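Some notes on the structure that comes next.
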Amino acid sequence: MKEKTMVNNNPWKRAQKQLRKAARYIKLDPLTLAKLSNPDRVVEVSLPIKLGSGEIKVFQGYRVQHNNIRGPYKGGLRYHQKVDMDEVKALAFWMTIKNAVVNVPFGGGKGGIAVDPKTLEELELEKLTRQFTRKIADFIGPQKDVPAPDVNTNPKIMSWIKNEYSNLTGQDSPAVVTGKPIEDGGSQGRTEATGLGGVYALLTVLSKLGKDPKGMSVAIQGFGNVGSFLAKFLQKEGFKVVALSDSKGGIYIPDGIRDIDEVKRCKEEKGLLAGCYCVGSVCDLKNMKNLGGKNIEADKVLTLPVDIIVPAALENSITKENAEKITAKIILEMANGPTTLEADEILQKKDVVVIPDILANSGGVAVSYFEWYQNLNSKHWGKEEVFKKLREKMEKATGKVLDTSNKYGVSLREAAYIVALNRIQEKSQNILSLK
Ligand code: NAD
């Protein structure tokens, strides 16, 4: 029993199980299955740095290149104290699958450093990032492996990587990373892309289900890059965002949270979301009663009585322990790997529509692809053009997954795997050296 739970909670073991299950539907050829069952390459580096205090600290850094059958390895870098090899391997695998679902010419990779960046000064974080870049420089590059932001990494960090890599190679190489600041070669719309892409995927599914999004209530776990933009765009489309949370707690207003931008400003100022009950520009716990709000613990957001829940934080937030208590009929997985295998089975039995991570959050990598493409072709698209292209990509990918789910009579997650594995297999069979 303990062993079973370990498999379910270990993201890499879960990823392998998902792969084997989906492979059976399309009779994936054994060679492609073998190629996808393990990463092509794992890189682990030691990163000793001298802190401002004079203390020496050693951090571990990882880059996993899972598969490049469809193009250069592509995937984010995560800075978090819980980063470890199995987590990075799973995230890299999901990138291979995701990039095939959203149909961008990339394989899958992921990386990270086991560090809580909030404990470091900016200069220490920059030193750490630059050292990490030097140690993985032989393995990355615009046509080899292209990192991007993920949890606790941002455009500034991408800029340091681009700069360090360009210095090392003696060539200005903006396409070595995506998610850069605009003035450093970033694309318009990349910061918003993952959240906005999730909204497009959700709208496509709702339209297929014949449901009107206006007034549907939504609770969101995680209020970082993804959760905050998602909340804003959902509200713009007429959804009623009623609850938000970060790692320290949350806010819940059954009538709807009015000004997401003010809540975001409040969280940035205070460093936490709890108590950010905003009326105009005044955000205060004192407003809670007037707004009919209630404080809520971070892990209770997903079991609120709402139409849609959105895990947008880390892996394993929906487990067999809370899956039974979920009353929402739709789950939009914006985090990577938020649902354990056991929870997934429970949700399927309850007929909950789960829009899987490998589809729902693929808007980020879609716009990363647009950024890479613009860098390599000296183009500069405006925000409207980027959003239009993103919408097309998300609607097409979601439509294909919905059709496949219908055709095979499987969940949207299994359907997304089928779409991806078919595309990977097709490419693999066209390359002689891979046969
Ligand atoms: P982020 O660091 O900007 O934000 C993460 C948020 O999650 C923070 O608000 C943090 O407080 C919160 N959080 C952490 N633990 C929590 C808990 N137990 N309960 C509630 N909130 C908690 O990261 P992000 O870029 O927004 O990424 C969020 C998720 O989306 C991750 O799973 C990431 O892999 C995935 N994702 C991100 C992108 C992207 O473009 N940034 C793309 C695809 C997928």
Side-chain angles (χ1 to χ4, degrees), residues 11 74-83 87-88 90-92 94-95 97-99 101-102 104 108 110-112 115-118 147-158 177-180 186-187 189-198 201 219-232 243-252 263-264 267-268 270-274 276 296-303 309-319 322 332-339 356-369 371 390 394:
K74 180 92 191 80
L77 287 177
R78 177 176 292 194
Y79 287 1
H80 193 274
Q81 57 277 23
K82 287 204 178 125
V83 163
E87 180 184 68
V88 182
L91 292 166
W94 286 324
M95 286 310 299
I97 300 297
K98 186 187 306 182
N99 291 338
V101 173
V102 75
V104 290
K110 200 87 181 189
V115 58
D116 178 358
K118 292 185 194 100
D150 190 67
V151 173
N152 290 332
T153 53
N154 54 33
K156 191 187 268 178
I157 293 177
M158 296 307 115
V177 279
T178 57
K180 300 176 291 290
S187 175
R190 172 61 185 89
T191 317
E192 303 95 321
T194 309
L196 182 58
I220 303 173
Q221 180 201 50
F223 195 62
N225 168 278
V226 176
S228 61
F229 281 110
L230 180 91
K232 211 179 142 162
L244 298 167
S245 73
D246 64 13
S247 57
K248 300 186 192 90
I251 57 172
Y252 175 35
V263 177
K264 195 170 172 178
K267 179 184 153 81
E268 273 159 19
K270 291 202 316 178
L272 73 165
L273 188 68
C276 286
I296 178 145
E297 287 166 40
D299 60 348
K300 296 285 179 328
V301 167
L302 299 176
T303 50
I309 55 167
V310 185
L314 296 173
E315 297 91 66
N316 298 343
S317 57
I318 305 182
T319 62
N322 62 1
L332 181 68
E333 289 187 341
M334 295 306 293
N336 284 306
T339 311
D357 49 2
I358 46 174
L359 170 67
N361 70 31
S362 63
V365 76
V367 176
S368 270
Y369 164 60
E371 180 175 331
L390 172 65
M394 295 308 296

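First listed ligand is number 1; within each ligand, the first listed atom is number 1. Every value quoted in this text rests on a predicted model; they were computed, and no experiment measured them. Here, residue 1 is the first one in the sequence, and each next residue gets the next number.
- Taking the side chain as every heavy atom from C-beta outward, Ser245 and Tyr252 never approach each other to under 4.5 Å.
- Counting only non-hydrogen atoms, the option in Thr191, Thr194, Asn361 that gets closest to atom 38 (C) of ligand 1 is Thr194.
- Under the 4.5 Å side-chain criterion, counting only non-hydrogen atoms from C-beta, Asn99 is in contact with Lys74.
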(Q) Set out, in order, the CA-CA distance, both residues' side-chain angles and the distance that settles salt bridge (charged side-chain N to carboxylate O under 4.0 Å, His left out) for Lys180 and Glu371, then state yes or no. (A) CA-CA 9 Å; Lys180 300 176 291 290; Glu371 180 175 331; 2.7 Å; yes
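- Of the N and O atoms on the side chains of Arg78 and Thr153, not one donor lies less than 3.5 Å from an acceptor on the other residue.
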* Asked: Are Glu333 and Ile318 close enough, and set up right, to give a side chain to side chain contact (heavy atoms under 4.5 Å, CB included), and what steps lead you there?
  -> CA-CA 10 Å; Glu333 289 187 341; Ile318 305 182; 5.6 Å; no
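- Between atom 25 (O) of ligand 1 and the options Ile220, Leu244, Asn225, the minimum heavy-atom separation is to Asn225.
- A pairwise comparison of heavy atoms in Gly112 and Leu77 identifies N-CD2, 3.9 Å as the closest pair.
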| message | Would Val102 and Leu359 count as a side chain to side chain contact (heavy atoms under 4.5 Å, CB included) here? Give the steps. | response | CA-CA 7 Å; Val102 75; Leu359 170 67; over 6 Å; no
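- Scanning the protein heavy atoms around atom 2 (O) of ligand 1, the nearest turns out to be Asn152 N, 3.0 Å.
- By the ring-ring contact (aromatic ring centres under 6.0 Å, His included) test, Tyr369 pairs with Phe106, sequence neighbours left out.
- Protein heavy atom at the shortest distance from atom 32 (O) of ligand 1 is Ala313 O, 2.8 Å.
- Protein non-hydrogen atoms do reach within 4.0 Å of atom 21 (N) of ligand 1.
- Taking only nitrogen or oxygen atoms, main chain and side chain alike, Asn336 reaches within less than 3.5 Å of ligand 1.
- Listed by number with element, the atoms of ligand 1 under 4.0 angstrom from any heavy atom of Ala335 are 29 (C), 30 (O), 32 (O).
- Of the protein's non-hydrogen atoms, the one nearest atom 6 (C) of ligand 1 is Gly224 N, 3.8 Å.
- Residues passing the side-chain contact (heavy atoms from CB on, under 4.5 Å) test with Ser228, sequence neighbours excluded: Phe223, Lys264.
- Between Asp150 and Lys110 there is a salt bridge, with a side-chain nitrogen of the basic residue lying less than 4.0 Å from a carboxylate oxygen of the acidic one.
- Shown in contact with Gln221 at under 4.0 Å from a heavy atom are these atoms of ligand 1, numbered in order with element: 19 (N), 20 (C).
- Those atoms of ligand 1 that come under 4.0 Å of a heavy atom in Val226, given as number and element, are 24 (P), 25 (O), 26 (O), 27 (O), 30 (O), 37 (C), 38 (C), 39 (C), 41 (N).
- When every heavy atom of Thr194 is checked against every heavy atom of Met334, the shortest pair comes out as O-CE, 3.1 Å.
- One option in Met334, Glu297, Met95, Lys267 has a heavy atom closer to atom 30 (O) of ligand 1 than any other, and that option is Met334.
- Close N/O approach between Leu314 and ligand 1 is not found [any backbone or side-chain N/O within under 3.5 Å].
- When each atom of ligand 1 is checked for a heavy atom of Val151 under 4.0 Å away, the hits are 2 (O), 23 (O), 27 (O), 31 (C), 33 (C).
- Those atoms of ligand 1 that come under 4.0 Å of a heavy atom in Gly222, given as number and element, are 7 (O), 12 (C), 21 (N).
- Between the side chains of Asn322 and Lys300, not a single donor N or O lies within less than 3.5 Å of an accepting N or O.
- Residue contacts with ligand 1 include Arg190, since one or more of its heavy atoms lies under 4.0 Å from the ligand.
- With a 4.0 Å cut-off on non-hydrogen atoms, Arg78 touches ligand 1 through its side chain and not its backbone.
- For ligand 1, one of its N or O atoms has an N or O atom of Phe223 under 3.5 Å away.
- Compare Asp150, Asp246, Thr178 by their heavy atoms: the one nearest to atom 19 (N) of ligand 1 is in Asp246.
- With a 4.0 Å heavy-atom cut-off, ligand 1 is reached by the backbone of Ala312 but not by any atom from C-beta on.
- For atom 11 (O) of ligand 1, the nearest non-hydrogen atom of the protein is Ser247 N, 3.1 Å.
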